[in-house]
Student: 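Quick one: the structure is below, and I'll ask about it shortly.
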Amino acid sequence: MASKQAPVCVRMKGWPIIVAGGASGIGAGTVARLHSEGAIVQIFDINGEGAKEVADKYASDVSYQVVDVTNKKMCAQAVEKFANANGGMVQGLVNSVAYFGCKAFDAEKEDWDKSFSVNVVGYANMVTAVQPYMLEARKLKLSCSIVNVSSTSRSIAQVKRWTYNATKGAVSAMTRCMALDMGRDNIRVNAISPSWTWTPEVAKAAKEGGREKWEPVWGKFHMLNRIGNVEEVASAIAFLLSDDAGFVTGSDLACDGGYMAIGPERFGEDSSFAGSDY
Ligand SMILES: NC(=O)c1ccc[n+]([C@@H]2O[C@H](COP(=O)([O-])OP(=O)(O)OC[C@H]3O[C@@H](n4cnc5c(N)ncnc54)[C@H](O)[C@@H]3O)[C@@H](O)[C@H]2O)c1
């Protein structure tokens, strides 16, 4: 089920912004949103073909580099290249890469290593790489902001998802520390926590039947009775990046259709005392 999109405003004209994981899903939706808001966007992604496909949709101001965010040196070199093309500055970073491996009792060291090196260390590598170029931008009093894509999985139990959920808890915790360490420089750092959002990864989980079959099932977990769209997460990310969120830092915004706020009684279907109209 699609939702009505808010009219787009132009809040980030000329801002050099990196979207790590911009070749697909929420990252690709964020590229579209930031481009429409006037930003100069560069995709960092391990999937060069996908990144090119996204960048080619735009006539200008969207480019890409093939970057593996687990490689700290590669992150630093790629950020330097992007910054040098933009006056030695970077004003925005969105960390949206993910390794979705979900293991529990069966998790081996490699599963833990891969989960943490992509989902946590990868985010840290990118923040570390952009920070000096954000400090340059701050010398000119330009706005600087970072958004780390976490997940509602950061703080709930889900069946046999030790590895993934642990990384998302770490992303949210790390975001608060990053916000503290960059607050004095007026660089804002926030997390966003989406719930079920229709992306290629979720489509893979749906297997047969696609969104039509699974929307009514997964939608039930949400107050809004549907799952999210990448455009909706992208617009919340754009808000956090923009000056409209000028006094927001160290936060973790739920962009989840009410998934985290709903209680176990849900709409009261199974409660004798509910009196629900739903
Ligand atoms: N889709 C959802 O329902 C959902 C819900 C909550 C949170 N999230 C989070 O949102 C973010 C985006 O998820 P998505 O569903 O859009 O995923 P996606 O798979 O569509 O996109 C992730 C991108 O990251 C890239 N990537 C993976 N490893 C990389 C690496 N080492 N270096 C560089 N790029 C790498 C992939 O190539 C891909 O383009 C993730 O952090 C995910 O955990 C997604």
Side-chain angles (χ1 to χ4, degrees), residues 18-33 42-55 64-79 93-102 113-126 129 146-156 158 161 163-172 174-175 191-206 211 214-215 217-219 221-222 226-234 236-237 240 252-257 259-260:
I18 295 165
V19 180
S24 177
I26 290 169
T30 303
V31 171
R33 176 68 192 222
Q42 185 156 87
I43 298 164
F44 280 21
D45 205 291
I46 203 164
N47 175 4
E49 214 173 289
K52 182 176 182 321
E53 210 172 291
V54 173
Y64 73 95
Q65 291 191 65
V66 178
V67 178
D68 177 352
V69 297
T70 66
N71 184 329
K72 190 175 185 184
K73 194 167 165 205
M74 195 187 255
C75 292
Q77 286 169 343
V79 169
L93 167 67
V94 179
N95 271 319
S96 188
V97 307
Y99 172 63
F100 289 97
C102 292
D113 285 350
K114 175 113 201 235
S115 299
F116 273 83
S117 68
V118 177
N119 296 1
V120 183
V121 181
Y123 280 30
N125 285 342
M126 284 302 303
I146 294 169
V147 177
N148 291 326
V149 183
S150 184
S151 170
T152 46
S153 300
R154 65 176 158 34
S155 44
I156 55 165
Q158 289 169 301
R161 289 172 59 140
T163 49
Y164 180 79
N165 288 27
T167 66
K168 289 304 179 181
V171 166
S172 292
M174 183 172 70
T175 299
I192 183 157
S193 289
S195 60
W196 292 81
T197 309
W198 189 256
T199 66
E201 190 58 33
V202 169
K204 239 192 274 168
R211 185 161 183 174
W214 289 100
E215 177 101 44
V217 181
W218 296 335
F221 310 151
H222 304 75
R226 64 176 178 85
I227 64 168
N229 298 306
V230 290
E231 295 82 1
E232 293 169 311
V233 180
I237 291 172
L240 287 174
D252 191 329
L253 177 66
C255 181
D256 67 357
Y259 179 102
M260 292 301 290

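Counting starts at 1 for both ligands and their atoms, in listed order.
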Student: Nearest 0.5 Å please: distance from the CZ atom of Phe221 over to the CG atom of Asp256.
Tutor: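 Going from CZ on Phe221 over to CG on Asp256, the span is 13.5 Å.
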Student: State the CD-CG distance between Glu53 and Asn47, to the nearest 0.5 angstrom.
Tutor: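 So the gap between those two atoms works out to 8.5 Å.
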Student: Relative to ligand 1, is Tyr164 under 4.0 angstrom through side chain, backbone, both or neither, heavy atoms considered?
Tutor: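 Side chain only.
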Student: For atom 22 (C) of ligand 1, which protein heavy atom lies nearest, and how many Å away is it?
Tutor: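 Protein heavy atom at minimum distance: Ser96 O, 3.8 Å.
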Student: Regarding ligand 1, does Ser151 bring an N or O atom to under 3.5 Å of one of the ligand's N or O atoms?
Tutor: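 There is no such contact.
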Student: Judged by non-hydrogen atoms, does Trp196 sit under 4.0 Å from ligand 1?
Tutor: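 Yes, Trp196 has a heavy atom closer than 4.0 Å to ligand 1.
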Student: Do Val230 and Thr199 touch side chain to side chain, with heavy atoms closer than 4.5 Å?
Tutor: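 Yes, at least one pair of side-chain atoms sits under 4.5 Å.
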Student: Could you tell me which atoms of ligand 1, counted from 1 in the order shown, lie closer than 4.0 angstrom to a heavy atom of Lys168?
Tutor: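 Result: 40 (C), 41 (O), 42 (C), 43 (O).
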Student: Show me which atoms of ligand 1 lie under 4.0 Å from any heavy atom of Ile26.
Tutor: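 Reading through ligand 1 atom by atom, the close ones are 10 (O), 16 (O), 44 (C).
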Student: Determine whether the side chain, the backbone, both or neither of Val67 has a heavy atom under 4.0 Å from any heavy atom of ligand 1.
Tutor: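 It is the backbone that touches ligand 1; the side chain stays farther off.
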Student: Any nitrogen or oxygen of Asp45, side chain or backbone, less than 3.5 Å from one on ligand 1?
Tutor: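 N/O-N/O distance under 3.5 Å: yes.
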Student: Suppose I only count heavy atoms of Gly25 and a 4.0 Å limit; which atoms of ligand 1 are within that range?
Tutor: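 Those atoms are 16 (O), 20 (O).
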Student: When only distance counts, is Val202 in polar contact with ligand 1, meaning an N/O pair under 3.5 Å?
Tutor: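 No - when backbone and side-chain N and O of Val202 are compared with those of ligand 1, no distance drops under 3.5 Å.
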Student: With rounding to the nearest 0.5 Å, note down the distance linking CD1 in Ile18 to CD in Gln65.
Tutor: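 One gets 8.0 Å once the value is rounded to the nearest 0.5 Å.
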Student: Between Thr197 and ligand 1, is there a nitrogen or oxygen pair with a distance under 3.5 Å?
Tutor: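 N/O-N/O distance under 3.5 Å: yes.
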Student: Where is the nearest protein heavy atom to atom 31 (N) of ligand 1: which residue, which atom, and how far?
Tutor: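 Scanning the protein heavy atoms, the shortest distance from atom 31 (N) of ligand 1 goes to Asp68 OD1, 2.9 Å.
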Student: For Pro200 and ligand 1, does the shortest N/O to N/O distance drop below 3.5 Å?
Tutor: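 No, there is no polar N/O contact under 3.5 Å.
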Student: I'd like to check Arg33 versus Glu231 (side-chain heavy atoms, cut-off strictly below 4.5 Å). Are they in contact?
Tutor: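 They are not in side-chain contact.
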Student: Evaluate the side-chain proximity of Arg211 to Ile227: yes if any heavy-atom separation is below 4.5 Å, no if none is.
Tutor: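 Heavy-atom side-chain distance check passes, below 4.5 Å.
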Student: Students should be able to answer this: which protein heavy-atom is nearest to atom 34 (N) of ligand 1, and at what distance?
Tutor: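 For atom 34 (N) of ligand 1, the nearest protein heavy atom is Ile46 N, 3.2 Å.
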Student: Do the side chains of Asn125 and Val69 get nearer than 4.5 Å, heavy atoms only?
Tutor: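 Val69 vs Asn125: side chains apart.
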Student: I want to know if ligand 1 touches Phe44 in the polar sense, i.e. an N/O pair below 3.5 angstrom.
Tutor: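 No, there is no polar N/O contact under 3.5 Å.
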Student: Please report which non-hydrogen protein atom sits nearest to atom 28 (N) of ligand 1, along with the residue it belongs to and the distance in Å to one decimal place.
Tutor: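 So the nearest neighbour among protein heavy atoms is Val118 CG1, 3.9 Å.
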Student: Would you kindly specify which portion of Val97 sits under 4.0 Å from ligand 1, judged on non-hydrogen atoms: side chain, backbone, both or neither?
Tutor: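 The answer is both, backbone and side chain.
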Student: Quick check: do Asn95 and Val171 have side-chain heavy atoms less than 4.5 Å from each other?
Tutor: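 A side-chain contact under 4.5 Å is absent here.
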Student: At a 4.0 Å threshold, what atoms of ligand 1 neighbour a non-hydrogen atom of Asn47?
Tutor: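 This gives 37 (O) as the contact atoms.
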Student: Going by heavy atoms in the side chains, are Thr30 and Ser96 under 4.5 Å from each other?
Tutor: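 SC-SC contact between Thr30 and Ser96 ruled out.
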Student: Would you check if the side chain of Ser150 reaches a backbone N or O of Lys168 as a donor-acceptor pair within less than 3.5 Å?
Tutor: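 Yes.
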Student: Where the side chain of Asp68 meets the backbone of Ile46, is there a donor-acceptor pair that is under 3.5 Å apart?
Tutor: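 Checking the backbone N and O of Ile46 against the side chain of Asp68, no donor-acceptor pair under 3.5 Å is found.
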Student: Is a side-chain N or O of Asp45 found less than 3.5 angstrom from the main chain of Ala23, in a donor-acceptor match?
Tutor: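 Judged by distance alone, yes, a pair lies under 3.5 Å.
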Student: Of the side chain and backbone of Thr199, name the one, both, or neither that has a heavy atom under 4.0 Å from an atom of ligand 1.
Tutor: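 Side chain only.
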Student: I'd like to know if the side chain of Trp196 and the backbone of Trp218 have a donor-acceptor N/O pair within less than 3.5 Å.
Tutor: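 It does not hold such a pair.
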Student: Considering only protein heavy atoms, which is closest to atom 6 (C) of ligand 1, and at what distance to one decimal place?
Tutor: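 Checking every protein heavy atom, the shortest distance to atom 6 (C) of ligand 1 gives Pro194 O, 3.2 Å.
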Student: Check contact between Gly122 and ligand 1, using heavy atoms of the residue and a distance below 4.0 angstrom.
Tutor: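 No, Gly122 has no heavy atoms under 4.0 Å from ligand 1.
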Student: Check whether any side-chain heavy atom of Met126 sits under 4.5 Å from a side-chain heavy atom of Val79, and report yes or no.
Tutor: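 They are in side-chain contact.
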Student: Which residue and non-hydrogen atom of the protein lie closest to atom 40 (C) of ligand 1, and at what distance in Å?
Tutor: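 Result: Ala98 CB, 3.3 Å.
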Student: What is the nearest protein non-hydrogen atom to atom 13 (O) of ligand 1, stated with its residue, atom name and distance?
Tutor: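 Answer, as residue, atom name and distance: Phe100 CZ, 3.6 Å.
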Student: Using non-hydrogen atoms of the residue, decide whether Gly50 is closer than 4.0 angstrom to ligand 1.
Tutor: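 Flag not set, Gly50 not near ligand 1.
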Student: What's the shortest distance from atom 4 (C) of ligand 1 to any protein heavy atom, and which residue and atom give it?
Tutor: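 Checked against all protein heavy atoms, atom 4 (C) of ligand 1 sits closest to Ser195 O, 3.9 Å.
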Student: How does Tyr123 reach ligand 1, by side chain, by backbone, by both or by neither, if only non-hydrogen atoms under 4.0 Å count?
Tutor: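 Side chain only; the backbone of Tyr123 stays clear of ligand 1.
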Student: Checking contacts here: is it the side chain or the backbone of Ser150 that comes within 4.0 Å of ligand 1, counting heavy atoms only? Could be both or neither.
Tutor: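 The answer is the backbone of Ser150.
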Student: Run Ile156 and Tyr259 through side-chain contact (heavy atoms from CB on, under 4.5 Å) and show every step you take.
Tutor: CA-CA 11 Å; Ile156 55 165; Tyr259 179 102; 3.3 Å; yes
Student: Considering the options Thr175, Asp252, Asn165, which one meets the side chain to side chain donor-acceptor pair (under 3.5 Å) requirement together with Arg154?
Tutor: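 So the option named by the test is Asp252.
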